[in-house]
Visitor: 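I have a structure I would like to understand better, so I am pasting it below and will then ask my questions one at a time.
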Amino acid sequence: MKIHVERIPASGLEATFEVPYTEFEVLREMAQAGDCVFLSPVVTSFKAIRVRDVVEVKGRVHFSVRLNCSRCLNEFETVLKNDFAVAFVREIPEPQTTAGEIALKDEDMGLIAFFGDQIDLHESVQEQAVMAFPIQFLCRPDCRGLCPKCGADLNQGDCTCEKSTGHPAFSVLKNFKSVQ
Ligand SMILES: [Zn+2]
Ligand SMILES: [Zn+2]
């Protein structure tokens, strides 16, 4: 996933990379941990525009996964995508400055350093792919989840449990009675 800086035309370079998820360490770990199943390669479509030693890359990362819904626990398949814009700046190595100081300086400016004639998108694409995951996995926005009492999938219809209403103390009392 490398861009040859000198080959970026004045009008910009448009390209698409398709890379198996196994090439990304963090995604491999997520799959191994059972958090998700990747159903497609990680596809990155982007446009790179170069102005002297700064290269701006704008694009979209997308891929298909199978996840487990956080509410109803059912498996579902979805396409995750994330739009991004990152800027790379060519660093001229300065012998008197340590690499750490250079990195800190660029981070402050929101720029990613590159050296020589190539930009490697690997780290950026991995970061974007991880950020494409939602905080909560939902099979659909209005998933009703499972009944906390009987565990029935409420998407399949209402269960026979009484809906808990009112003060929590009353439902505790109700449960106490039904146990007797
Ligand atoms: Zn669900
Ligand atoms: Zn129920």
Visitor: Under the criterion ring pair (Phe, Tyr, Trp, His ring centres under 6.0 Å), which of Phe84, Phe17, Phe88 is the partner of Phe46?
Guide: Phe17
Visitor: May I ask you to test the Thr78-Ser64 pair for a side-chain heavy-atom distance under 4.5 Å?
Guide: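 Thr78 vs Ser64: side chains apart.
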Visitor: For the residue pair Phe38 and Phe63, is the inter-centroid distance of their aromatic rings smaller than 6.0 Å?
Guide: yes
Visitor: With a 4.5 Å heavy-atom cut-off, do Ile49 and Val55 have their side chains touching?
Guide: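 No, side chains not in contact.
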Visitor: Whether the side chain of Gln126 engages the backbone of Glu25 through a donor-acceptor N/O pair (distance < 3.5 Å, no angle test) should be reported.
Guide: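 Checking the backbone N and O of Glu25 against the side chain of Gln126, a donor-acceptor pair under 3.5 Å is found.
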Visitor: With side chains defined as the heavy atoms from C-beta onward, is the minimum distance between Phe133 and Leu67 less than 4.5 Å?
Guide: yes
Visitor: Taking C-beta and beyond as the side chain, do Ile3 and Leu121 meet within less than 4.5 Å on heavy atoms?
Guide: yes
Visitor: Check whether any side-chain heavy atom of Thr16 sits under 4.5 Å from a side-chain heavy atom of Val43, and report yes or no.
Guide: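 Thr16 vs Val43: side chains touch.
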Visitor: Using a 4.5 Å cut-off on heavy atoms from C-beta on, say whether the side chain of Arg50 contacts that of Val5.
Guide: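 The answer is yes, as the side chains (C-beta and beyond) meet within the 4.5 Å cut-off.
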Visitor: Does a side-chain N-to-carboxylate-O contact under 4.0 Å join Glu6 and Arg90?
Guide: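 So Glu6 pairs with Arg90 through a salt bridge.
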Visitor: Does Arg7 have more than 12 heavy atoms from other residues, nucleotides or ligands lying within 6.0 Å of its CZ?
Guide: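 Counting neighbours around CZ of Arg7, 12 or fewer heavy atoms of other residues, nucleotides or ligands fall under 6.0 Å, so no.
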Visitor: Return yes if a side-chain donor-acceptor contact under 3.5 Å exists between Asn155 and Arg71, otherwise no.
Guide: no
Visitor: Is Met1 close to Val19 at the side-chain level, that is, under 4.5 Å between some pair of heavy atoms?
Guide: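 Yes, side chains in contact.
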Visitor: Would you kindly say whether Asp153 and Asn74 are connected by a side-chain donor-acceptor distance under 3.5 Å?
Guide: yes
Visitor: Check whether the side chains of Gln128 and Asn82 place a donor and an acceptor atom closer than 3.5 Å, and report yes or no.
Guide: yes
